[in-house]
Each structure stands twice: as structure tokens, then as C-alpha cells.
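These notes are about the structure you will find just below.
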Amino acid sequence: MEERSAATGEVALPDGRRLVPSPGESAGALLARWDPARAHAMLAALWDGRPVDLAYVPGTAGALAPLTFEDRAGWEILQHSSAHLVAKGLVEVIPEALPTHGPPTDDGFYYDFDVRPLTPPDLQAIGEAMVRSVRAKEPFVRRELPREDARRLFASNPYKLRYIAASAENEAISVYDTGGFTDLCRGPHVPDTHWLEGVHLLGFSAVEPTEAGGRPLQRVRGVGFPTREQLSKFLKLREEAAARDHRTIGQRQELFFFTEQAPGFPFWLPNGMVIVRELERFVTEHLRKAGYAEIRTPLLFARSIYETSGHWEHYKENMFLTRLEDQEFGWKPMNCPGAMLIFGSRPRSYRELPLRLAEFAPLHRLEASGTLHGLLRVRELVQDDAHLFVTEEQIEPEIRVLLDWIREACATFRLEYSFELSTRPASFLGEAGDWDRAEAILARLLDGSGVPYRRSAGEGAFYGPKIDIHLKDSLGRPWQTGTIQLDFQQPRRFRLQYQGADGGLHTPAVVHRTILGTWERFVGILTEHVGGRWPPWLAPSQVRVLPVTDGQAGTAATVAAELQALGVRATAGASDATLPKRVRDAELERVPYIVVVGERETQDGSVSVRVRGAKGSRSMSRAEFGAYVTEKLRRREFDP
RNA sequence: GCCACUGUAGCUCAGUCGGCAGAGCGGCUGAUUCGUAAUCAGCAGGUCGGGGGUUCAAGUCCCUCCAGUGGCUCCA
């Protein structure tokens, strides 16, 4: 806590200095007096921990601190001010538009309007209006109004009236004027529109109406920077991110493709399949060590199975259904029913627990057409799935192992991840008490793991709470991959039992879990993460052996064959183009190792190796190179 | 599913006012035999997303369906 000065009107600053404001001196003026060198970067202030405008005049003693774009709070203020600028521009272009609200988000801001559907020319015109406002350097001026005046001011805007009605009786109603545009707002704001020089509109879309029966609102999204240089940097980063898009790389590297005739159903091409199989091997090796057994269960089940599992009631809309001889069947959207049936197929003993059953089967989910997104959201997918049938005591140690394994796996891929704890949804199976218990267990495990996590109330699966792992794509959008779900409901519904040491019959708990999630989404994320530069162990083509001329075609074939015998994916290239051209092709393919053999190498049994990402080439013996590569592959090293 | 936008050669894209469908890359053929990010020449390749309409004439205008993109909703 900031120490309050006893002396009336004395203002404490972050470095411990105290200043006495002259009458009417604003926070901005005080801060400029305190630190003139940094004054230009200050866009707002904290007064006793509360964000205020620089124009705010502190009447009493208190603590004052500057806010800049570098501070999260300052960043948000600039985003929010940018939203105001959008509203000003949009109302200039479409005077009958009703602004609703325009908050900052994780990565920018938006402003929602009740207005006819927008068009690209609208956006263009709005942008131009915003630029005019920025050039005019219009100040954000705060006014506080009596409620009645505020109601009159916004009489034509029911959304703003609702905010006024919802605000606390004792709260001042404040509005901000910006070059003739007035918006209801708590503030604070940047001093003037010139601060918004680096604002950039990202697009617009319809959003669901805030209330039933209302018409959809139009959302304009954007991001703000205090300077054009910072905006340019951002745009450049985005451009680079677009080049890493897995859909682009997947096409270039021939990893997968989609066709209009099967929307949302990926075709894995030979190169992509190499990656999937390597990932499968990576996970399967772990399963063997960690005491899992593998199973294979049907892709189709009669409706009654889903009625038992609860999917019929809670997931039917997302299922592909089909009729077989007058009976309704559904393609399985998850592997759990099959695992439940196997557990229940004969009497079980506590000695068999924990029973860990893994199944990598194709799953079908009828995702809405508008949500499909390359490999990141598909309708047919394969999870690295397993179900752990456990006693109550085994829950914690089993999940702890899973959390460790997730950390280890992410380290292998150098992926940054975050955990999310999702709790009981509105539509759930079983008793609230079971849920509380399960949620408490997961929370305790996460707390104990020391990894920060987010809590999402109401986001759990219908049968239990879960810990989700989130990975981000190249544009920073988060995607759920791995998941750990604790389920007391399905075992009960399937009447699963085991005989305990006490001779009695007990119902096991089930941990549903995936580590990488699905091959589809994981390969998609990983493609963007590595930008198509696959770690050698995953690279579809690991070594390209190039002869300098036809004369060394035999040498190239021999070298490639030697490497293949070591289990390396090596191919000998032809000499159908100039060497620089063939090197270029292999570089663009992101092959980790390009080996050149010419006359010299043929003579002395060496190879000239070009390692992806390294400058130049180096010479080594064939045996040395073979050992080098196989060691890289064995250790699953990230860099070649 | 909702809103907006987009769909032309394998890929990236041009195609003006409605008037003969184009380029680069890739592919194929030939020449070149090349020392670490593009050798040269020639050739092939198109139901202009599908269907319907307007028109003497449609890649271009209108309707409709499909798919994709960005959001929303939903979710691994």
C-alpha cells in the first residue's frame, strides 16, 4: 500500500518523492513536473490505485503514478480510447447507428453497434474518419452529469440508457466528448486522439444479440498503438504469422488437403502421415512405459449406448447418425463408451486397477460449418486417448503422472502451454456433491503443480470437470489440445464395478485423458509453431543427398541407402538442374540435412553437410554423419 | 448455424465499360553436367466453384446452392 501523506494535498509518487500540487494542477501536470523526461509517454495516471485521466485534478492527498502504453492498464486505456474513436468514426459514417459498448480485449478492442450490416467500404470510410480525428488531435473531455441529463442525452440509445439504469445510484454518470462525439463512459482515456495514431481496424462481424429477440449487433474489432511505427511492427509480425499458417504450409509441404466433397474431413498425404506416425510412436512409447494397454472398439454404436453414456441427451446435435435395419446408430464422437463396455465385459478385481486403456480411433463430430478451420477444427479426428479406471485413492497419483507427462511432452516440442480448470456446466450428469469433490481434487493437483492456471466456471464436460491444455496458433488464438477429465458419472451409468480388497463391490472413477489431444489439431499447431521447419525426427524428408553431377549419382544413391539402413528418411536427388537450384529446392522444403557429394567426396568417402539454419556446409565422413543424424533422431532433438 | 467477404490453370494472382481466358512459379520435353537459395528454350495445362436467369453476347450483371476466409456461437 502507498503511504498516505499526513500533510493535506501532498502527493506521493512512485519513487517516494512528494509534491505539493498548486491549486487546480492536474495529475498530468504533476507527473510532468515529477519526471519531465518521461512525461511524453504518460497517457493516464493511477490515483490511489484507480486509473484516472491526466486531466484529473486530485483534490486531496494521495498516491499518484503514471500509466504508459507499456503498463497493462495503460495499454487497456489506449485500446478503449481507440474503441471510442471507432464509434466516433462509425457514427459519422452512419449517423443512425447506436453504439453499445467497446471494451479492451486480450489482444485489442472491439466496439459493438446496433446498425445495419457493415460492408468493407463502410470500414474504409470509418478508417478515414478516424484518421481525420487523429490529425485534428481532438481531446477526450470528461463531464459528469446528473442522471436525468444523461438520460436525456442518450434518449435515443436504449443500450446506453440500460447502462445508466444499471449503474449504482451514488455513482457519477460520466461522458466523454471527443470532437463533437459524446459517449457514455466511465473512462479514463488518453488525453487526445493523436495518441491513437497507430490504431488499426482488424475487421467486423455480426455478434449474437445481447438479449433474446434483439437484432444482431455489428462488431468492429481493432488494435491500437500510440505510434505508427509500433503499428507497422505489429503488422509485420502478423504478416509473418500468416506465412506460418498451417493451411499454407500444409499445402506447400503436401501434409494434408481438404476437398469440397468432404468438408471438415482431412486427407492425410504421405508427408503428413509420416508426422502423424512419428507422433504416434512418441506417445505409444510412453504408454508402454507407463503401463497402458491398447484397445480397439467399434466406430458405430446403437443409440442405447449413448443414452447410457449421456451423449444422447447432451451431445446428440454434434453426432453423425445413421440407420441400420431400422435401428438408430451413431458414429462415436468420443472413445469412452467403448472403454466402458470393455471394463464391464467381465467381473473386475481391485488388483487390476488402475486399468489404463488407450484407444486411437477415428472420431466423428458434426461441427457447425462456420466453425471449421483447417486442421484445427475438423469433423473427423483421432485423439491420443486413454481411459484410466481407478479407485478413489488412485485418482491423484495418476493425474499427477499425467501432468508431468504433459510438461515433458511440451518441452520436447518447445511449446508454451497453459492449463485451464473447467467446472460444472449448466447441463450436467450426477450429483453436485460428486462434482464438488472432483473439482476440488483437480484444483488441488493444479495448485500443487505450481503451474498457473485459469478457472473457467461452467465449462466442464457434461460428465465431469476437466483440466484442459491450451496451445496457441501463429496468430495467438488459443486452442484446446490435451485434456484430463475426472468422471464419476459414466462408470455409474454403465454400472461398472470391481471387487475390492474388502470383498465388496465398488464403482471405479474414470480419468479420460489425452496428452497431445488430436493428431489433427496438434499437427496444425505444431506446423505453425515450427513454421514448417520440422525437428529432424518429425521431418517427412530428413536427408537429401545431392550429386554435383551425373557422375556422382551412384555415390548419392549409396549414401542415401546407407542412411536408410540406419532408419533415416534419406533420398538421393537427381542431377536434373543446377546444384544451386536443387539446394534451393531442398531448403524451401525445409529438409534438415542437405548432403552434397561430388568428385571429392566420392574419392575420400566423405559428405558435405548443410545443416538447416546453420551457415555454410561442413565436411565429415559418412560414418560420422550417420552417427550424428541417428543420435539427433534417437534423442528427438528439436534442432537439426 | 449466424453476419460480412472470397472462389479464374497444380500454386500465387491479373483480367478495364458485358465483346477471342492471361502471367509467374510448378509440370512435361529438349539442350546444359553444374560445388551449396532460382541455367536456357519449347510445350502442355481452364465445365472461370455448381445450377438457373438477363442479354445478340456473361469470368464480368441478377438469383440460388456449395465451399473457403475473418469474426460470433460452439468446441479437441
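So that the names make sense, note that chain A is the first sequence line, chain B the second, and so on, each numbered from 1.
- Of the N and O atoms on the side chains of A:Gln251 and A:Thr248, not one donor lies less than 3.5 Å from an acceptor on the other residue.
- A:Thr297 and A:Lys332 share a side-chain donor-acceptor pair at under 3.5 Å.
- Not a single donor-acceptor contact under 3.5 angstrom links the side-chain atoms of A:Arg219 to the base of B:C72.
- Within 4.0 Å (heavy atoms only), A:Leu118 reaches sugar-phosphate atoms of the nucleic acid but no base atom.
- Nearest to the side-chain atoms of A:Ala368 among the listed nucleotides B:G1, B:C11, B:C3 stands B:G1.
- For the pair A:Arg379 CZ and B:A67 C1', the interatomic distance rounds to 11 Å; values are reported in whole Å.
- Side chain to side chain, A:Arg455 and A:Thr423 fail the donor-acceptor criterion of an N or O pair below 3.5 Å.
- Straight-line distance from the CD atom of A:Glu589 to the P atom of B:A38: 16 Å, rounded to whole Å.
- Nucleotide B:U73 holds its P atom 11 Å from the CD atom of A:Glu459, rounded to whole Å.
- Using a 4.0 Å cut-off, some side-chain N or O of A:Arg477 falls inside it from OP1 or OP2 of B:G70.
- B:C43 and B:A9 are spaced 15 Å apart, taking the C1' atom of each and rounding to whole Å.
- Across B:C11 and B:G50, the matching P atoms stand 15 Å from one another, rounded to whole Å.
- With C1' as the reference atom, B:U8 and B:A37 are 31 Å apart, rounded to whole Å.
- The A:Val207 side chain lies nearest to B:C72 when the options are B:C11, B:C75, B:C72.
- In this structure, A:Asp585 does not pair ionically with A:Arg582, as no charged nitrogen and carboxylate oxygen lie closer than 4.0 Å.
- Atom pair A:Tyr110:OH and B:A4:C1' shows a separation of 18 Å (rounding to whole Å applied).
- Here, B:G53 and B:C13 have their P atoms 33 Å apart, quoted to the whole Å.
- Across B:A58 and B:C2, the matching C1' atoms stand 32 Å from one another, rounded to whole Å.
- In this model, a donor atom of one side chain and an acceptor atom of the other lie less than 3.5 Å apart for A:Tyr463 and A:Gln485.
- In the set B:C3, B:U73, B:U12, the nucleotide with an atom closest to the side chain of A:Gln251 is B:U12.
- Within 4.0 Å of A:Thr481, counting heavy atoms only, lie sugar-phosphate atoms of the nucleic acid but no base atom.
- A:Thr100 and A:Asp112 share no donor-acceptor pair across their side chains, judged by distance under 3.5 Å alone.
- If you take atom P in B:U73 and the same atom in B:C65, they sit 25 Å apart, rounded to whole Å.
- Residue order along RNA chain B, read from the 5' end via each residue's closest nucleotide, puts A:Pro263 first among A:Gly482 and A:Pro263.
- No cation-pi contact links A:Arg281 to A:Phe360, judged by a cut-off of 6.0 Å to the six-membered ring centre and 45° from its axis.
- Inspection of the A:Arg569 and A:Ser541 side chains reveals no N or O donor paired with an N or O acceptor under 3.5 Å.
- In the set B:G1, B:C75, B:C3, the nucleotide with an atom closest to the side chain of A:Arg521 is B:C75.
- Only the P atoms considered, B:G19 is 15 Å distant from B:C62, to the nearest whole Å.
- Between A:Gln261 atom CD and B:G68 atom P there is a gap of 11 Å when expressed in whole angstrom units.
- The pair A:Arg247-A:Glu528 fails the salt-bridge criterion, with no side-chain N (NZ, NE, NH1 or NH2) lying under 4.0 Å from an Asp/Glu carboxylate O.
- One atom, CG of A:Asp245, and another, C1' of B:G70, lie 12 Å apart when rounded to the nearest Å.
- Put simply, the side chain of A:Arg377 and the base of B:C74 share a donor and an acceptor less than 3.5 Å apart.
- Using a 4.0 Å cut-off, some side-chain N or O of A:His373 falls inside it from OP1 or OP2 of B:G70.
- At a threshold of 4.0 angstrom between heavy atoms, the contacts of A:Lys615 with the nucleic acid are absent.
- Here the two rings, on A:Trp534 and A:His529, have centers that are 6.0 Å apart or farther.
- The nearest whole Å value for the distance from the CZ atom in A:Phe258 to the C1' atom in B:C66 is 17 Å.
- A cation-pi arrangement, defined by a distance under 6.0 Å to the six-membered ring centre and an angle within 45 degrees of its axis, is absent between A:Arg221 and A:Tyr110.
- When rounded to the nearest whole Å, the span between CD1 of A:Ile249 and P of B:C11 equals 17 Å.
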Secondary-structure notation, RNA chain B, from Watson-Crick and G-U pairs under 3.5 angstrom (| other strand): (((((((..((((.....[..)))).(((((.......))))).....(((((..]....))))))))))))....
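- Between B:U47 and B:G51, the two C1' atoms lie 12 Å apart (nearest whole Å).
- Contacts of A:Gly370 with the nucleic acid, taken as non-hydrogen atoms under 4.0 Å apart, include base atoms.
- Judged by a 6.0 Å distance limit and a 45° cone about the ring axis, A:Arg424 is positioned over the six-membered ring of A:Phe428.
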Nucleotide-resolved protein contact map, nucleotides 25-37 of chain B, B/S/- at heavy-atom distance under 4.0 Å: -S------BBBBB
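- Proximity of A:Arg247 to the phosphate of B:U69: a side-chain N or O atom is located under 4.0 Å from OP1 or OP2.
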